[in-house]
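Scroll down for the structure; my scribbles are underneath it.
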Amino acid sequence: MSHATAPVGPALVTGQLAAQEAGVLPATIRKWVQLGRLAPAGRQGRAQLYRLEDVFAAERSARGRG
């Protein structure tokens, strides 16, 4: 019997999904990158990918809770 294994490392999401998860607009994700609050963790084609944990940390920081 084979067992599926979970992917190694954190899941990466697009800016659109990152924005939805953080409850902000995609433009806010782009602004956080410009301000240095958030760094892309990878790319898929032209799209930048982000770790959700990094997105949530940037969101907390932007709202003054971090």
Side-chain angles (χ1 to χ4, degrees):
M1 188 183 332
S2 66
H3 294 282
T5 58
V8 176
L12 300 180
V13 297
T14 63
Q16 179 76 31
L17 183 55
Q20 287 177 346
E21 291 293 322
V24 299
L25 296 172
T28 302
I29 298 293
R30 293 190 296 272
K31 189 66 165 179
W32 289 345
V33 171
Q34 289 175 343
L35 295 173
R37 290 184 178 157
L38 179 63
R43 293 189 78 79
Q44 183 177 35
R46 291 181 50 199
Q48 292 180 326
L49 301 177
Y50 305 93
R51 289 183 188 92
L52 277 179
E53 63 191 56
D54 295 342
V55 173
F56 293 141
E59 188 269 338
R60 284 192 303 274
S61 174
R63 296 190 194 276
R65 295 183 284 167

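Closest approach of V55 and Y50 over heavy atoms only: CG2-CB, 3.7 Å.
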Please report, to 0.1 Å, the donor-acceptor pairs under 3.5 Å made by any side chain of residues 18-45, with sequence neighbours excluded.
residue, atom, partner, partner atom, Å
R43, NH2, R46, O, 2.8

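Other residues sharing the hydrophobic cluster of L49, ordered by chain and number and joined by side-chain separations under 4.5 Å: L12.
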